[in-house]
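What follows is a single structure, written as structure tokens, with notes after it.
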Amino acid sequence: MKILEAKNITKLFPGVVALDSVDISIFRGQIHCIIGENGAGKSTLIKCLMGVYTPESGEILINGKSAIKNRSLFDKIAYVPQEIDLFPHMSVAENLFMPYDKTGISGLIRQKSLEKRAILLLKKFKIDVAPWDLVKDIPISAQQLLQIARATLRENFEVLMLDEPTTSLTMEDTQSLFDIIKAIRNQDKAVIFISHKLEEIFSLGDVLTVFRNGKKVAHESLSDVDIPWVISQMTGQDIDQKQVFWSEKVQDESLLEIQNLTGEDFENISFRLKKGEILGFSGLVGAGRSELMQAIFGYLPVYSGSVRLEGKAWKLGDTNYSVENGLVYLPEDRKGQGILPLMSVRENLSISALKRLLRGCFISARQEEALANESIATYSIKTPDAENLILYLSGGNQQKVVIGRAMNCEPRVLIFDEPTKGIDVGAKTEIYKLMKQLAEEKGIGIILISSEMDEVQKCSNRIITLYRGRLSGEFPQGVSKEELMSAIIGQHQNQS
Amino acid sequence: MKHKKAGALNVLVEALKKSSITTISFVLLIMIVIASVSSPYFLDSYNIQALIRDLAFVGMIGMAQSLLLLVGELDLSVGKIASLCGILAGMMMVTYGVDPYLALGLALILGLVFGIINGLLITQLRLNAMVATIGMQGVYGGINLVLTKGKAITGIPESIYILGKGTIGFIPIPFFFTIAVAIFILFLVKKTKTGRYIYAIGNNKEAAKILGIKVDRIRVMLYAIVGLISALAGILYVARLGSSQSSIGESWPMNSIASAVIGGVALTGGVGNPVGALIGSAIISIISNLIVLLGVSVYWQSAVSGFVVVLAISFSSISTILAEKRQKKVKLSVTEEKGQGETS
């Protein structure tokens with residue numbers, strides 16, 4: 001039975017047609033997957049379906065009635081955003097039942113009864129925290145599950161929309177989440193599932209709708225199609241899934257040497273990075289990979305151990321020193337640590353190269369513009385013009401700006417922390433090619449942190465695994481997934 | 001025809017967009033028109049001169065305050081730094097017989113030092129700027145009282161009066177200092193590397209650190225500049241009054257923040273043009289001037305001027321909302337035209 005239907009909706013934004021006459025129907029008892037590259041219109045579509053945006057034309061029907069005219073119908077749609085939006089300084093139970101009137105709690109709020117109800121839910125969702133824990137103190141994966149639990153608490157919700165819910169979940173958590181989603185489907189509710197991870201879509205979904213450039217390009221039952229077909233529909237071209245991107249020009253010269261480094265979340269780490277090499281770092285969420293790299297970069301403190309770049313002793317704890325001496329870190333948290341949201345693409349690109357653009361004391365406007373336009377062309381950044389605020393770009397294009405900016409510092413070592421998080425297949429391949437090119441042509445040493453095993457396998461000349469803050473293995477390119485996996489979960493015996 | 005129109009409109013919108021102070025300048029113009037219509041004395045040359053002399057001080061401090069607002073911080077001790085530097089300059093001149101201009105120079109350096117102290121406390125001890133500077137204004141104000149026992153220092157050498165009371169042509173001399181400060185700050189934020197870093201810090205402090213920007217150094221530098229400009233305003237005020245008084249600058253912390261906000265500088269950091277604060281201070285000065293000219297009861301003056309300031313802040317935020325809507329519409333019509341162009 002049709003529960004939610006969009007008819008011929010069109011949504012315009014400054015400079016772009018975000019949705020172009022889109023029709024979509026959501027049925028009860030189905031998991032409806034939506035896929036598309038960044039900027040394809042997925043987020044705009046779900047915001048229209050939720051009533052956050054009102055489309056310029058077209059109609060949204062919930063249970064056959066127009067929801068644009070009768071906005072209370074939008075209450076039937078529960079939504080879990082991609083980013084965590086919980087209240088960090090409030091307890092798990094309080095977060096679960098907020099807003100109280102929409103979760104069937106009225107009048108005075110009694111802490112005890114809230115906590116009792118919370119315990120049942122936490123069990124059901126297999127979230128291993130206490131109701132009175134503060135949200136800021138529980139792991140990110142638990143927070144993510146909590147958001148989903150909260151969404152399902154809305155009284156009489158009929159459609160559950162999940163926007164990339166698994167980006168910060170471990171594999172176990174992902175599995176238990178999938179069981180919950182399937183249970184919700186079996187209660188005759190509809191689920192809309194948005195993800196970039198194709199394997200997840202195939203293991204979970206019933207039907208699939210593909211978006212490209214604001215248009216619906218395909219709609220099929222998932223049992224009738226395969227991964228290469230989906231990719232070709234998404235990108236409009238055929239991408240070779242078996243293609244590898246590791247560097248062909250690894251030089252013998254060692255570039256970066258880490259000796260017995262210990263910090264808050266990692267212990268006794270030693271490794272070497274060669275010129276022109278891509279070194280992959282694999283591990284579970286919370287294994288200490290990002291913390292290790294941020295410490296090497298000087299953003300987090302180091303307790304003991306040493307770092308040498310090209311044989312020279314390295315000053316730790318000073319990001320300015322690191323950047324000036326050619327060690328650049330590209331953060332995983334693009335929004336929180338990467339972009340300068342209210343500044344233009346031009347300003348975001350030039351910020352790391354201002355020294356070169358100075359005419360006396362002042363920045364040369366002409367040279368800055370030239371640099372910005374050159375970077376926009378080199379990294380094929382899609383933007384109406386260089387003056388557009390970076391905030392308005394899609395995630396993939398923001399990432400390209402961040403990479404372009406890093407390249408403007410003329411780095412010798414680049415640390416990519418989850419460079420393709422939340423980025424579509426087409427743009428991912430572009431970023432892999434870029435990494436390979438940087439390593440081969442400029443002899444840059446690249447460290448790649450990624451939670452996607454595929455990505456690490458395709459791109460790395462060597463892979464190092466971390467388990468609970470310690471090295472748990474080192475593998476050459478072409479290692480099997482099974483071997484890698486056992487090291488990631490701490491089962492591998494290191495031969496050395 | 002249609003295309004030409006859209007093009008001209010586009011250029012206008014682009015210009016509007018480029019300068020955040022355009023809209024607030026319109027508000028200032030409207031205020032001037034209203035003021036001159038409602039009181040025949042407003043455009044009197046004596047009144048205008050007094051007005052300009054008045055806004056020179058708040059304008060200067062407002063622009064300095066904007067620098068801190070741009071990185072998401074503020075300094076509430078500006079008024080007390082100003083009066084303390086005025087007192088110290090006065091004591092040097094009157095009690096110790098230091099050459100007047102040397103005394104003024106030393107007072108400026110002291111202002112710089114007070115600013116650096118604020119900055120080091122806030123960055124090194126990781127204090128909240130608001131709370132720390134509330135504390136420090138107590139300290140500076142306290143030293144002030146200890147030194148003067150609350151009495152004004154009179155007998156300031158008349159050779160410096162010209163700095164506060166003099167005019168060049170029609171324009172009061174303090175206003176030339178304000179213009180100099182405006183030019184300095186404008187070049188600093190719009191043209192230099194440091195200026196770009198200031199906006200970057202205000203946009204995203206963590207990203208700025210990861211970019212290798214020396215965030216704390218820039219913050220201390222900004223507090224130092226604010227201290228210096230506060231001291232400048234303080235000693236110019238001493239020259240204007242002909243005596244050093246501990247009450248100098250009492251209204252400056254709040255008025256400087258209000259004029260910055262009216263001028264379009266965001267309290268959250270990263271957005272706005274400090275020179276907008278100069279226009280904001282002009283608006284505030286016109287308001288208080290007009291209240292006096294219209295003979296509003298003394299008891300009502302503070303309430304009325306407060307209300308009008310809130311109104312003025314809403315003006316700028318309402319105009320931003322309208323500008324955004326207008327921009328959206330223009331861009332939409334452009335895309336539609338493009339779309340039609342492609343299909344035809």
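Naming: A, B, ... by sequence-line order, numbering from 1 per chain. In this text, all values refer to a predicted model and were calculated from it rather than measured experimentally.
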Contacting moiety of [X], where chain B heavy atoms sit under 4.5 Å:
| X | result |
| --- | --- |
| A/Tyr299 | side chain |
| A/Ser350 | side chain |
| A/Ile339 | backbone |
| A/Glu324 | neither |
| A/Tyr321 | neither |
| A/Arg359 | neither |
| A/Lys335 | backbone |

Return the option, out of [options], with the maximum number of heavy-atom pairs under 4.5 Å with chain B.
| options | answer |
| --- | --- |
| A/Val402, A/Leu358, A/Val323, A/Ile351 | A/Ile351 |
| A/Pro341, A/Cys361, A/Ala365, A/Gly338 | A/Pro341 |
| A/Asn348, A/Leu330, A/Asp318, A/Leu354 | A/Leu354 |

How long is the straight-line distance from [atom2] of [Y] back to [atom1] of [X], given to the nearest 0.5 Å?
| X | Y | atom1 | atom2 | result |
| --- | --- | --- | --- | --- |
| A/Asp333 | B/Ile210 | CG | CD1 | 8.5 Å |
| B/Leu211 | A/Asn408 | CG | CG | 11.0 Å |
| A/Asn320 | B/Ile213 | CG | CD1 | 9.0 Å |

Checklist outcome for this item: Shortest non-hydrogen pair, A/Leu340 vs B/Asn204, comes out as CD2-CB, 4.0 Å

Next on the checklist: Apply side chain to side chain contact (heavy atoms under 4.5 Å, CB included) to residues A/Glu347 and B/Tyr199 and explain how you reach the verdict.
Outcome noted: CA-CA 10 Å; A/Glu347 288 168 317; B/Tyr199 281 96; over 6 Å; no

Checklist entry - In terms of heavy-atom pairs under 4.5 Å with chain A, which of B/Gly212, B/Gly270, B/Gly202 leads? => result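 Of the options given, most contacts go to B/Gly212.
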
Checklist entry - Considering residues, nucleotides and ligands other than B/Arg217, do more than 12 of their heavy atoms fall under 6.0 Å from its CZ? => result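 12 or below, so no.
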
Item to check | Enclosure of A/Tyr392 OH (heavy-atom neighbours >12, cutoff 6.0 Å) | outcome: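 Counting neighbours around OH of A/Tyr392, 12 or fewer heavy atoms of other residues, nucleotides or ligands fall under 6.0 Å, so no.
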
